[in-house]
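Reading through the structure tokens given below for one structure.
Note on naming: letters A, B, ... go to the chains in the order of the sequence lines (proteins, then strands), and numbering restarts at 1 for each one. All figures in this text were calculated on a predicted structure; none of them were measured in a lab.
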Amino acid sequence: MAQISLTFPDGNSRDFDAGVTAADVAASISKSLGKKAISARLDDAHWDLQWPIEHDARIAINTMDDEAAALELIRHDLAHVMARAVQEIWPDVKVTIGPVTEHGWFYDFDRSEPFTPEDLGAIEKKMREIINARDPVRTEIWDRARAIAHYEAEGEPFKVELIDRIPGDAPIRMYWHGPWQDLCRGPHLAHTGQLPGDAFKLMGVSGAYWFGDVNRPQLQRIQGVAFRTKADLAAHLTMLEEAARRDHRKLGREMDLFHMQEEAPGQVFWHPNGWNIYTTLQDYMRRKQRAYGYSEINTPQIVDRKLWEASGHWDKYQENMFIVEVDEEHAREKAVNALKPMNCPCHVQVFNQGLKSYRDLPLRLAEFGACSRYEPSGALHGLMRVRGFTQDDAHIFCTEDQIESECAGFIDMLASVYRDLGFDRFDIKFSTRPEKRVGTDESWDYVENALENAIKATGHPYELDEGEGAFYGPKLDFKLTDAIGREWQLGTFQVDPNLPERLDASYIAPDGAKRRPYMLHRAILGSFERFLGILIENYEGKLPFWIAPRQVVVASIVSDADPYVTEITEILRRAGIRAEADTRNEKINYKVREHSVGKVPVILAIGAREVEERTVSLRRLGEKQTRTLDLETLVQDLRIEATPPDLG
RNA sequence: GCUGCUGUAGCUCAGAGGUAGAGCACUCCCUUGGUAAGGGAGAGGUCGAGAGUUCAAUUCUCUCCAGCAGCACCA
């Protein structure tokens with residue numbers, strides 16, 4: 001029998017008979033590993049323990065400790081186990097497909113009656129029985145005709161159709177979870193007992209069409225979430241509750257920040273409080289940009305389609321653009337414009353004015369660019385996904401050998417902005433050349449190297465995402481983690497030699513020749529709207545003092561204190577603090593409650609004693625105890641606290 | 001965009017084939033109260049829009065719009 005050589009993660013190799021399975025390999029290493037094994041990584045493929053290995057390869061045995069592999073298998077096997085449970089309870093239900101999702105899986109069924117919440121409970125119970133039975137998972141490759149005959153006999157028309165969709169040369173793989181069988185490319189766990197019976201939950205039912213085709217029968221989708229441990233599931237459910245509690249749409253209403261309405265879907269009506277946060281953030285970003293050598297510009301909202309055709313966006317994104325047609329009386333043809341969906345082409349127009357010299361580079365053009373995109377209606381979500389938004393956009397025009405230092409400077413700026421805004425942790429994803437690309441390998445080598453060197457110089461860890469770059473250049477994505485562990489992709493840095501080419505941007509090099517600059521697209525917050533949504537949720541509305549829209553409420557306890565309350569309010573306002581007086585005829589309890597709900601960070605209560613002593617009684621949001629301060633100390637302290645972090 | 005659900009007062013929601021109600025918020029009155037809701041009175045609604053069925057529609061049916069959840073999408 002032919003021998004193959006398998007190389008383990010520690011670098012050691014061993015020979016095995018060709019056709020050996022990963023299960024055999026695991027068992028040969030140790031008995032316990034044989035038991036704990038759930039799958040293998042064979043070269044870059046996720047490999048079922050039962051699949052035979054026919055060639056030399058690198059191999060790593062996965063156990064439940066390998067999070068990505070474990071979660072994929074758990075969720076995928078649960079999809080099968082759920083489908084089996086459904087068919088055991090309702091034998092006439094037809095099965096379709098059941099893929100893995102971000103936190104779990106779903107499976108679509110064909111059944112005339114809808115599933116009820118009680119049904120979900122019954123299905124969960126049956127799933128646990130299947131898990132407890134520790135049924136073995138078995139797999140075989142079948143001949144296409146046999147598989148089709150099998151599913152026709154079983155009365156599973158969707159599976160027959162699925163097989164027809166599988167390309168002619170691909171193997172038809174069958175899986176069994178105990179007696180229950182499904183068509184599936186795998187891999188799967190070794191037996192149902194490897195599934196954590198207490199770490200999954202069915203989350204609900206929704207409708208779906210077979211392959212999204214409205215002319216096809218309506219299916220019912222059951223979704224579930226699953227993790228490796230009960231604790232992980234509990235953490236996920238707690239996170240969902242937490243997220244609901246701090247939902248920016250709810251806080252936006254409670255804090256009177258903004259609203260949206262039917263007449264302008266996906267667009268924001270900012271109220272005074274919300275706009276205050278917005279402009280405070282914008283002022284901060286403006287200072288930051290100046291500090292990092294950017295020049296701020298502003299470009300038009302409505303731009304002729306000719307520019308979008310030249311940039312290539314018209315072809316690709318026309319469906320998602322707001323088209324504005326202007327029919328002028330004496331014009332020969334109707335002018336077709338689009339609201340700008342992005343700023344890049346406009347920035348090239350600014351660059352293109354006048355002859356640029358290499359001495360002008362790097363030229364960093366920044367804009368708080370208001371963009372409009374016709375997002376699909378189902379995608380709209382509060383401030384997080386809108387149709388009208390403002391990017392903290394900038395484009396750096398530079399030479400090839402400036403890319404590295406520009407990238408390093410950008411990461412430095414981004415890190416300092418995130419830190420100032422209360423996010424200490426962010427991750428970098430580095431996307432490299434895709435298969436379909438333009439440009440020479442040498443230039444890709446150079447640019448990728450430049451980015452990698454820049455990241456390495458910062459010492460920040462990064463993750464490589466090979467082949468995920470744009471067709472014209474590599475990019476960096478920056479993901480930050482919020483207070484409840486959710487990840488948000490915000491910042492981006494992208495190297496683009498393409499758009500300068502398309503829009504004919506050039507500069508004069510030292511040798512007098514005309515050269516194309518590189519264009520670096522970059523954003524830190526992404527969009528103000530979305531970032532504010534994230535900021536509000538991160539802080540649960542309890543924004544840091546410098547950015548809080550209502551910083552201080554001065555509340556009278558007795559109406560005799562009203563003049564003093566007014567006086568303090570004026571003193572604070574003159575010191576640049578956003579202060580309000582509350583002299584309403586209400587009890588102090590009432591006022592404290594109302595302003596606490598409104599997330600005002602500082603409440604000053606003023607009664608006869610304070611009037612007498614010319615002091616204030618200060619209470620901070622969320623704290624029970626109060627502090628008595630004289631006016632000078634108060635102003636001094638609050639002034640320091642109100643100073644933005646970049647000016648402190 | 002797809003599927004399901006929802007749309008009644010500023011907010012959170014109840015309700016019924018004969019054109020509506022609660023709590024909070026709002027206005028006024030009483031109350032001057034020391035750190036998360038004092039008491040009373042009042043005002044407030046084309047019941048998302050349009051069409052159909054009906055003697056009668058906010059209620060039933062259809063279409064549209066918007067929102068929510070999931071999916072797809074996100075230059």
### Message
Taking pairing as Watson-Crick or G-U wobble with both contacts under 3.5 Å, can you name the mate of B:C55, or confirm there isn't one?
### Response
B:G18

### Message
Please give the distance between the P atoms of B:G10 and B:G52 as a whole number of Å.
### Response
29 Å

### Atom C1', compared across B:U12 and B:U6: separation rounded to whole Å
15 Å

### Query
When the distance from CD of A:E262 to P of B:C68 is rounded to whole Å, what number comes out?
12 Å

### Query
In whole Å, what is the span from the CD atom of A:E263 to the P atom of B:A49?
12 Å

### Query
Should B:G4 form a Watson-Crick or G-U wobble pair with both distances under 3.5 Å, which nucleotide is its partner?
B:C68

### No-H, no-angle donor-acceptor pair, A:E610 side chain to B:G34 base, under 3.5 Å
yes

### Query
With rounding to whole Å, what would you report as the distance between B:A9 and B:A14 at their P atoms?
12 Å

### Query
Would one find a side-chain N or O of A:K624 under 4.0 angstrom from OP1 or OP2 of B:A36?
yes

### Task
Indicate the ring-plane relationship of A:F227 and A:H236, choosing parallel, tilted or perpendicular according to the 30° and 60° boundaries.
tilted

#### Entry: Electrostatic pair A:E501-A:R516, nearest N-O below 4.0 angstrom
yes

### Task
When you get a sec, tell me which of B:G34, B:U35, B:A75 is the closest nucleotide to the side chain of A:V592?
B:U35

#### Entry: d(CZ, A:R111; P, B:G4) in whole Å
16 Å

### Task
Please state the C1' separation for the pair B:C60 and B:A56 - nearest whole angstrom.
13 Å

### A:E309/A:R502 ion pair, N-O < 4.0 Å
no

#### Entry: Rounded interatomic separation in angstrom, taking NE2 from A:H595 and P from B:A37
14 Å

### Task
Measure the distance from NZ on A:K591 to P on B:G38 and round it to the nearest whole Å.
12 Å

### Base partner of B:A9, which must satisfy Watson-Crick or wobble distances under 3.5 Å
none

### Under 4.0 angstrom between A:T626 side-chain N/O and B:U35 OP1 or OP2
no

### Inter-nucleotide P distance (B:A75, B:U3), Å rounded
25 Å

### Message
What I want to find out is whether A:R433 reaches A:E448 closely enough, with some N-O distance under 4.0 Å, to be called a salt bridge.
### Response
yes

### Message
Tell me whether the side-chain N or O atoms of A:R385 pair up with the base of B:C74 as donor and acceptor below 3.5 Å, since no angle test is needed here.
### Response
yes

### Query
NZ of A:K475 versus C1' of B:A75: gap in Å, rounded?
10 Å

### Query
Does A:K250 pair with A:E254 as a salt bridge, N-O distance under 4.0 Å?
yes

### Message
Considering every strand and a 4.0 Å limit on heavy-atom distances, what is the contact class for A:N320: base, sugar-phosphate, or nothing?
### Response
base

### Query
5'-most contact on RNA chain B: A:R584 or A:R253, nearest heavy atom basis?
A:R253

### Query
When you compare B:A57 with B:U46, how far apart are their C1' atoms, in angstrom units rounded to a whole number?
13 Å

#### Entry: Neighbour count above 12 (heavy atom, 6.0 Å) for A:E466 CD
no

### Query
Which whole number of Å gives the distance between the P atom of B:U54 and that of B:C68?
38 Å

### Task
Determine: side-chain N/O of A:R249 to OP1/OP2 of B:C68, distance under 4.0 Å, yes or no.
yes

### Query
Counting any heavy atom closer than 4.0 Å, what does A:A608 reach on the DNA or RNA strands: base, sugar-phosphate only, or nothing?
base

### Task
Using atom CZ of A:F109 as one end and atom P of B:C71 as the other, report the distance to the nearest whole Å.
16 Å

### Query
Quick one: does A:R619 reach the base of B:A36 with a side-chain donor-acceptor pair under 3.5 Å?
yes

#### Entry: A:E319 atom CD, over 12 foreign heavy atoms within 6.0 Å
no

### Query
In the structure shown, which nucleotide is the Watson-Crick or G-U wobble counterpart of B:G34, with both distances under 3.5 Å?
none

### Task
Determine the contact category for A:R609: base if any of its heavy atoms lies under 4.0 Å from a base atom, sugar-phosphate if only primed atoms, P, OP1 or OP2 are that close, otherwise nothing.
base

### Query
Atom CD of A:E102 and atom P of B:A69: how far apart are they, to the nearest Å?
14 Å

#### Entry: Contact nearer the 5' end of RNA chain B, comparing A:I588 with A:D247
A:I588

### Message
Measuring to OP1 and OP2 of B:A25, would you say a side-chain N or O of A:Y590 lies under 4.0 angstrom away?
### Response
yes

### Query
If the P atom of B:C13 is compared with that of B:G17, how far apart are they to the nearest Å?
24 Å

